[in-house]
Amino acid sequence: MGTAQQINETAYRSTLPYVEIMDSTLRDGEQTNGVSFLPHEKLMIARMLLRDLNVDRIEVASARVSEGEKEAVKMICRYARQIDRLNSVEVLGFVDGHASIDWVADCGGQVINLLAKGSLKHCVQQLQKTPEEHIADIQEELRYAASKGISVNLYLEDWSNGMKESPDYVYQLMDGLLESNIQRFMLPDTLGIMNPLQVIEYFRKMMKRYPQLHFDFHAHNDYDLAVSNSLAAVLSGAKGLHVTVNGLGERCGNAPIASVQAILKDQFHAKTNINESQLNGASRLVEGYSGIAVAPNQPIVGENVFTQVAGVHADGDTKNKLYYNDLVPERFGRKREYALGKTSGRANIAKNLEELGLELTPEQTRRVTERITELGDKKEIVTQDDLPYIVSDVLKHDAPKDKVKLLSYVVSTAYGLKPGANIKVEINGKQYEASATGDGQYDAFVKSLRYIYKKYLNRTFPILSNYQVSIPPGGRTDALVQTVITWDNDGKLIRTRGLDADQTEAAIKATFKMLNIFEEQYQNI
């Protein structure tokens with residue numbers, strides 16, 4: 001019985017469709033407004049895509065754009081040759097009297113994605129040529145590419161409008177190129193106008209008429225349908241899909257690789273070569289180089305997508321994983337988290353306490369939950385790093401009071417004078433005062449603290465490693481300011497947050513959170 005079941009499972013897997021993934025982050029993705037990768041950044045992204053993420057192909061540039069682009073393509077081609085993936089590197093080129101083909105050959109490339117016109121309107125109005133003339137021009141480029149040893153894939157630009165408005169032209173173009181050496185015919189929804197039903201209709205027409213050909217689909221996201229349209233194309237016979245990391249691309253962007261991979265595997269049971277554990281790393285790399293932040297709720301790679309907020313969900317997760325689905329975070333190199341806020345509930349709090357190794361009684365957990373709910377109502381963002389401090393703050397009869405307290409302070413700034421600060425603090429029951437000037441009000445405040453720690457306590461003061469200021473999500477122009485500070489104390493890092501209507505006050509709150517945490521550590525040494 002077991003053997004028969006194994007045979008059936010093997011037979012089933014052998015029938016699963018294989019989908020080729022071509023990533024166009026370095027070409028179409030770079031057409032995102034404001035995005036321009038340096039040559040070495042393109043190389044780093046290409047390495048990540050080919051070596052770690054293991055995409056089948058990458059489209060890395062448009063031919064004849066600039067010398068910087070040419071240098072980037074040369075670098076990527078050299079690297080791809082070293083790892084025996086040169087045939088996976090593709091460059092967009094044009095029907096331009098062989099100039100694009102020469103450009104690709106000079107870069108050391110072996111594949112060109114030739115841009116042809118997929119609609120009669122583009123052919124006649126943009127090129128100002130008849131279909132016969134355009135076909136003849138393409139055929140001449142194909143002959144020249146073959147003489148240079150360069151493989152050709154063909155884009156049918158504006159194919160979606162071509163199928164809607166001039167299908168006879170599309171068929172005429174295809175019929176005129178059937179006997180050519182084109183490896184793949186790539187069908188783009190250039191203006192992002194299609195819906196899944198149209199994709200299915202037009203793709204099936206193409207597949208019925210040309211069943212022997214390899215078709216790719218290239219989606220744009222103007223109607224937020226790029227992923228759905230990509231799935232529809234695969235359901236209709238597409239053998240390849242074009243994607244970008246984080247959905248970068250012109251206008252509303254392209255189909256994001258992480259979402260496409262997940263839906264292909266989970267909803268369609270298709271096979272790809274993608275290493276899912278590297279999707280998050282690729283997203284972070286491209287986010288850093290592009291300067292385009294990933295939305296917190298972006299599927300798979302967003303900051304919040306594996307964070308449970310509602311307490312009922314955390315409770316369900318402890319009871320046979322009632323709120324789990326196939327998108328398990330570990331699958332993508334991530335982990336599930338439980339947010340702390342006004343909707344957390346005791347189950348969320350318990351999950352975070354358990355992860356920190358803290359054990360509280362049910363009554364203590366209830367009181368901590370009430371405090372976090374109160375903070376959530378004030379829009380304060382509570383993190384797991386804050387939890388030990390909140391526990392100490394709430395359970396005052398069970399835990400020592402704050403060892404470091406701010407009793408009073410004055411900060412000042414005036415035109416032509418350096419900002420100053422006068423502070424009075426209590427550390428382990430003793431009061432200290434100091435004053436200092438600095439480059440800003442907070443800098444003067446910290447210098448006053450440093451003076452106290454050095455003169456009166458003979459101790460070093462933690463080093464400020466990173467300082468970030470933001471308005472919490474959902475805030476308005478009059479919202480509270482959130483300050484996140486990372487501190488380094490002899491190699492021990494901690495991140496604390498403060499929230500207030502005043503930026504300096506928020507930073508001071510974060511500072512005293514840090515001082516109490518380090519004071520606790522200092523006394524336990």
Side-chain angles (χ1 to χ4, degrees), residues 17-33 35 45 48-49 53-60 90 92 113 118 153 155-160 184-200 202-203 215-268 270-276 278-280 282-283 286-287 290 292 294-295 297-302 305 327 332:
Y18 174 78
V19 181
E20 198 174 67
I21 301 297
M22 191 273 269
D23 185 282
S24 188
T25 303
L26 298 176
R27 197 277 298 176
D28 215 0
E30 197 179 29
Q31 292 179 194
T32 305
N33 185 30
V35 174
I45 295 171
M48 182 80 183
L49 294 172
L53 199 53
N54 199 35
V55 299
D56 296 283
R57 300 145 52 202
I58 56 174
E59 192 175 42
V60 300
E90 303 171 8
L92 178 71
N113 292 339
N153 302 315
Y155 271 115
L156 273 64
E157 185 183 17
D158 201 35
W159 168 78
S160 47
R184 302 173 183 86
F185 288 84
M186 306 194 294
L187 310 180
D189 181 17
T190 304
L191 300 181
I193 62 170
M194 302 180 80
N195 63 52
L197 294 178
Q198 291 170 320
V199 174
I200 291 171
Y202 299 152
F203 240 95
F215 288 114
D216 281 3
F217 181 63
H218 181 106
H220 279 267
N221 204 36
D222 297 69
Y223 284 96
D224 203 20
L225 290 170
V227 175
S228 298
N229 286 344
S230 297
L231 179 62
V234 171
L235 287 170
S236 304
K239 291 183 170 63
L241 292 177
H242 296 186
V243 297
T244 61
V245 177
N246 298 338
L248 291 184
E250 201 162 21
R251 303 186 313 277
C252 298
N254 294 26
I257 185 172
S259 298
V260 168
Q261 167 62 24
I263 199 169
L264 281 177
K265 182 175 181 180
D266 296 353
Q267 305 293 338
F268 191 47
K271 296 183 291 186
T272 70
N273 279 328
I274 299 299
N275 181 357
E276 292 184 338
Q278 299 297 316
L279 285 168
N280 191 58
S283 174
V286 171
E287 180 183 41
S290 68
I292 304 295
V294 174
N297 63 338
Q298 176 81 11
I300 313 303
V301 296
V305 296
L327 299 174
F332 307 104

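We count residues from 1, following the sequence as given. No hydrogens, no waters, no symmetry mates; every other heavy atom, side chains included, goes into these values.
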> Are side-chain heavy atoms of L191 and D222 found at a separation under 4.5 Å?
no
> Hey, are N246 and S283 close enough side-chain-wise for a donor-acceptor pair under 3.5 Å?
yes
> Assess, by modelled atom type and distance only, whether the side chains of Y223 and N229 contain a donor and an acceptor separated by less than 3.5 Å.
no
> Measuring from F185:CZ to K239:NZ, what's the distance to the nearest 0.5 Å?
12.5 Å
> Could you grab the distance from atom CG of L248 to atom CD of E30, nearest 0.5 Å is fine?
10.0 Å
> From the options L92, V60, I58, select the one residue that forms a side-chain contact (heavy atoms from CB on, under 4.5 Å) with R27.
L92
> The criterion is ring-ring contact (aromatic ring centres under 6.0 Å, His included); which residues satisfy it with F203, sequence neighbours excluded?
W159, F217
> Please check if any side-chain donor atom of D189 sits under 3.5 Å from a side-chain acceptor atom of Y202, or the reverse.
no
> Just to verify, what does T244 make a side-chain hydrogen bond (donor to acceptor under 3.5 Å, both in side chains) with, not counting sequence neighbours?
none
> How about N54 and N275: does a side-chain donor come under 3.5 Å of a side-chain acceptor?
no
> Distance only, no hydrogens: is a donor on one side chain within 3.5 Å (strictly under) of an acceptor on the other, for Q261 and T272?
yes
> How many angstroms lie between CG in L156 and CE in M186, if you round to the nearest 0.5 Å?
9.5 Å
> Please give me the minimum heavy-atom distance between V245 and T25, naming the atom from each residue.
N-OG1, 2.8 Å
> Between the side chains of E59 and N113, does any donor sit under 3.5 Å from an acceptor?
yes
> Over all heavy atoms of both residues, which pair between V301 and L279 is shortest? Give the atoms and the distance, please.
CG1-O, 4.0 Å
> Do you know which two heavy atoms are closest between A226 and N221, and how far apart they sit?
N-OD1, 2.9 Å
> Apply side-chain contact (heavy atoms from CB on, under 4.5 Å) to the pair D216 and L187, showing each step before the final yes or no.
CA-CA 6 Å; D216 281 3; L187 310 180; over 6 Å; no
> Once rounded to the nearest 0.5 Å, what's the spacing between atom NZ of K271 and atom OH of Y18?
9.5 Å
> Should V234 and L264 be marked as a side-chain contact (heavy atoms from CB on, under 4.5 Å) after you check the CA-CA gap, both sets of side-chain angles, and the distance that decides it?
CA-CA 9 Å; V234 171; L264 281 177; 3.9 Å; yes
> Are any side-chain N or O atoms of D56 and backbone N or O atoms of I21, one a donor and one an acceptor, separated by less than 3.5 Å?
yes
> For E90 and R57: C-alpha separation, side-chain torsions, deciding distance, then whether salt bridge (charged side-chain N to carboxylate O under 4.0 Å, His left out) applies.
CA-CA 7 Å; E90 303 171 8; R57 300 145 52 202; 2.5 Å; yes
> As an exercise, state the distance from CG of L53 to CD of Q278, rounded to the nearest 0.5 Å.
7.0 Å
> Would you give me the side-chain donor-acceptor pairs under 3.5 Å for residues 252-259, sequence neighbours excluded?
unit_1, atom_1, unit_2, atom_2, d
N254, OD1, H220, ND1, 3.4
N254, ND2, D28, OD2, 2.9

> Specify the closest pair of heavy atoms between N153 and R184, including all atoms of both residues, with the distance to one decimal.
OD1-NH1, 3.2 Å
> For L241 and A233, which heavy atoms make the closest approach, and how far apart are they?
CD2-CB, 4.4 Å
> How many angstroms lie between OG1 in T190 and CD in E157, if you round to the nearest 0.5 Å?
5.0 Å
